[in-house]
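Below is one structure, written out as structure tokens, with a few remarks after it.
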2 protein chains.
Amino acid sequence: MAIPDNQGGKRAADVIVTALEARITSGELENDKPLPPERDLMEEFGTSRTVVREAISSLANRGLIELRPRFRPIVRKPDYGTLLSATGTIVRYLLNEPGGVQNLYQSRVFIERGLVRDAALNATKENISDLKAALLANEKALDHSEEFFRTDIAFHGVLYRIGNNPIFPAMHEGFTSWLSPNWARMTRSDDHNRSVYLDHKAIYDAILERDPARAEEALIAHLSAAWSYVEETF
Amino acid sequence: MAIPDNQGGKRAADVIVTALEARITSGELENDKPLPPERDLMEEFGTSRTVVREAISSLANRGLIELRPRFRPIVRKPDYGTLLSATGTIVRYLLNEPGGVQNLYQSRVFIERGLVRDAALNATKENISDLKAALLANEKALDHSEEFFRTDIAFHGVLYRIGNNPIFPAMHEGFTSWLSPNWARMTRSDDHNRSVYLDHKAIYDAILERDPARAEEALIAHLSAAWSYVEETF
DNA sequence: ACACGAGTTTGGTACAATCAAATTGGAAAC
DNA sequence: GTTTCCAATTTGATTGTACCAAACTCGTGT
């Protein structure tokens with residue numbers, strides 16, 4: 001079965017969904033602006049409000065519309081971040097299945113291994129200075145548990161931005177938002193923070209010296225250590 | 001903005017969504033079985049049918065329920081494939097934006113580079129025999145354009161299955177279903193098929209000899225060649 | 001020029017009714 | 001006894017109307 005999605009089924013709502021979808025992606029319905037009122041749409045499409053409403057709900061679930069409780073629906077042109085919110089529910093469910101967290105974490109390690117290798121091989125001066133800045137921020141926050149957590153994530157985030165491909169930062173957001181709940185419980189002692197920082201530094205150094213193998217090793221050591229913490233919480 | 005999803009908003013429909021979501025994931029509502037009738041649900045939750053309907057629609061969009069036009073809604077425990085259909089619309093839109101196809105293709109190359117490296121390092125005897133079988137099938141289909149295309153995809157698919165992580169095959173499905181439309185137009189001459197086959201064989205050989213660097217090189221050469229075809233069609 | 005408040009717009013929910021397709025169950029046929 | 005086939009019923013899809021409360025508008029008064 002290769003993506004059935006929608007076939008012959010011609011629910012009235014689907015017609016509206018398709019039409020609005022086109023208007024949003026074509027720009028006829030401007031980004032960040034409110035959708036026409038339900039009552040107008042119902043008149044335009046010659047259907048009942050129920051149907052219009054269902055269509056809107058559908059678009060909201062697909063991330064093309066932002067739906068706040070009592071407010072006008074707001075048009076949102078999709079970006080790679082939209083994919084995250086659209087998949088959030090499913091992912092969260094999958095994570096609760098046996099091995100779910102491990103599978104996702106393993107994927108993250110896989111990705112970042114490739115990223116640090118590439119960084120070691122192709123990082124520009126600017127990339128490296130970004131990385132250095134992130135590392136410094138990380139060091140400065142050594143004593144501030146809260147801030148350290150943020151800079152930790154930010155450091156990894158730089159790696160995802162090196163390739164200049166918007167898909168990767170989106171993946172980073174996904175990894176952090178889906179996996180960090182499993183981190184939340186883990187004690188963030190100063191000792192631990194220092195060890196994390198040193199890992200980051202090792203990765204940075206290897207990249208600086210253009211040594212992909214060592215960069216990959218350092219990353220694996222880093223993320224394996226983190227994983228052992230996660231494992232304990234189960 | 002880190003995944004707002006739903007906040008304070010307490011729409012009545014959301015209550016039902018949450019409840020049914022729990023019943024589905026807990027198994028109280030069995031997989032592949034129809035949902036209770038809307039009228040029963042409306043009585044149970046003490047709401048109008050409108051709300052029940054909206055909730056069902058929402059669950060359908062999230063992939064937890066399959067909704068065929070006039071049939072009973074069917075419960076579907078999500079798997080990693082569900083993510084694909086849930087994101088299909090958005091991805092297809094993103095691909096039409098400038099650089100969209102290239103970004104996705106680049107991600108695919110990135111992933112497969114890691115996969116072949118890992119394969120060269122860690123593939124079990126069974127993995128390798130799977131790969132060999134796929135390669136043979138690919139060779140046999142050299143003269144059958146249709147079949148060759150399938151075995152081409154299958155060969156790459158083996159790589160995604162080596163890690164034993166269900167996320168990767170799902171990614172493969174995504175790549176093929178989202179990118180192959182761009183392949184469709186490209187001429188599949190016998191000459192071209194042979195060149196593709198030889199690329200596959202080079203990758204296989206490198207993996208067999210446990211040489212990750214050569215495997216990666218072979219893969220890059222292979223996918224770069226394919227990309228040049230895609231580029232021409234723009 | 002600014003704050004305020006009444007009136008209007010709009011989304012959220014409810015209820016009742018109709019239609020057409022799907023499902024079921026029992027009668028008829030083999 | 002098993003199968004076939006046609007009602008009767010179930011159920012999803014859609015319509016229309018109505019009401020409420022929150023958001024929004026706009027004009028008034030300070």
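Order of the sequence lines fixes the chain letters, A, B, ..., with proteins taken first and strands second; residue numbering starts at 1 for each chain. Side-chain atoms are counted along with the backbone in the values below, which use heavy atoms only and exclude waters and symmetry mates.
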**Q.** Rounded distance in Å - CE (B:Met42) to P (C:dT13)
**A.** 15 Å
Q) Okay, side chain of B:Thr151, backbone of B:Ala154: is any donor-acceptor separation there less than 3.5 Å? A) no
Q | N-O pairing of A:Asp118 and B:Arg113 below 4.0 Å | A | yes
Q. Going by atom types only, do A:Glu112 and A:Tyr160 share a side-chain donor-acceptor pair under 3.5 Å?
A. yes
Q. How long is the line joining CD of B:Glu54 and P of C:dG12, in whole Å?
A. 7 Å
Q.
Let me spell it out: for each of A:Leu35 and A:Thr50, pick the nucleotide of DNA chain C with the closest heavy atom. Which residue's pick is nearer the 5' end?
A. A:Leu35
(Q) Using a 3.5 Å distance criterion without hydrogens, assess whether the side chain of A:Asp130 forms a donor-acceptor pair with backbone atoms of A:Asn127. (A) no
**Q.** Rounded distance in Å - CD1 (A:Ile16) to P (D:dA13)
**A.** 15 Å
Q: Before accepting this row, confirm whether a basic side-chain N of the pair A:Arg62/A:Glu21 lies closer than 4.0 Å to the acidic partner's carboxylate O.
A: yes
Q.
Looking only at the side chains, is there a donor atom on one of B:Ser58 and B:Asn61 sitting less than 3.5 Å from an acceptor on the other?
A. no
Q: Would you check if the side chain of B:Thr87 reaches a backbone N or O of B:Leu83 as a donor-acceptor pair within less than 3.5 Å?
A: yes
Q | Length of the CG-C1' vector between B:Asp14 and C:dG12, whole Å | A | 11 Å
Q) What is the distance, rounded to the nearest whole Å, between atom CZ of A:Phe45 and atom P of D:dA13? A) 20 Å
Q. Over how many whole Å does the gap from B:Ile74 atom CD1 to D:dT11 atom P extend?
A. 15 Å
Q: Please report, rounded to the nearest Å, how far the P atom of D:dT14 is from the CD1 atom of B:Ile56.
A: 13 Å
Q: Give the angle between the helix axes at the two ends of the helix from C:dA1-D:dT30 to C:dC30-D:dG1, taking five base pairs at each end and rounding to 10°.
A: 10°
**Q.** Nearest-nucleotide comparison on DNA chain D, the residue closer to the 5′ end among B:Glu38 and A:Gly46
**A.** B:Glu38
Q. Taking OP1 and OP2 of D:dA13, is either one under 4.0 Å from a side-chain nitrogen or oxygen of B:Arg53?
A. yes
Q) Between B:His156 and B:His172, do the side chains contain an N or O donor and an N or O acceptor separated by less than 3.5 Å? A) no
Please tabulate the protein-to-nucleotide N/O contacts below 3.5 Å involving nucleotides 19-26 of chain D, giving atom names and distances.
{"residue": "D:dA21", "atom": "N3", "partner": "A:Arg70", "partner atom": "NH1", "Å": "3.4"}

Q.
Nearest whole Å is fine: how far is D:dG12 P from B:Arg68 CZ?
A. 14 Å
(Q) Under a 4.0 Å threshold between the charged nitrogen and the carboxylate oxygen, would B:Glu173 count as salt-bridged to B:Arg108? (A) no
